[in-house]
Amino acid sequence: MEKRFPDWMGIKKNLHEKLTVPPKVNEGDVWWASIGENIGSEINGKNQNFTRPVIILKKLSRTLFFVIPLTTK
């Protein structure tokens, strides 16, 4: 499987530069997130925006969450 690191780096840069208000999330919510192209056997994002559904396992702060990637099936 070919890794798409250069594509992900461009999207990651654009996401980082956006001035947005963090979403109001709760533990147990399911959200779509850009989780990127990862190293090794970690789950990668899919499609052109590297997104996957994730479940919010733990809210650590207003802008930081511990999530578990889910399957799209």
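Here, residue 1 is the first one in the sequence, and each next residue gets the next number.
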* Over all heavy atoms of both residues, which pair between Pro23 and Trp31 is shortest? Give the atoms and the distance, please. => CB-CH2, 3.6 Å

* Would you find a donor on one side and an acceptor on the other, under 3.5 Å apart, between the side chain of Lys59 and the backbone of Val25? -> yes

* To do: Give a yes or no answer on whether the side chain of Arg52 reaches the backbone of Ala33 with a donor-acceptor pair at less than 3.5 Å.
  => no

* Looking at Ile35 and Pro69, what are the two nearest heavy atoms and their distance? -> CD1-CB, 4.1 Å

* Asked: Measuring from Leu15:CG to Ser34:OG, what's the distance to the nearest 0.5 Å?
  -> 5.0 Å

* Asked: Do side-chain atoms of Asp29 reach the backbone of Asn26 as a donor and acceptor pair under 3.5 angstrom?
  -> yes

* Reference residue Ile56; test side-chain contact (heavy atoms from CB on, under 4.5 Å); the match among Ile68, Val30, Val67 -> Val67

* Are Lys58 and Leu64 close enough that some pair of their side-chain heavy atoms sits under 4.5 Å apart? -> no

* Check whether more than 12 heavy atoms from other residues, nucleotides or ligands sit under 6.0 Å from atom NZ of Lys12, and answer yes or no. => no

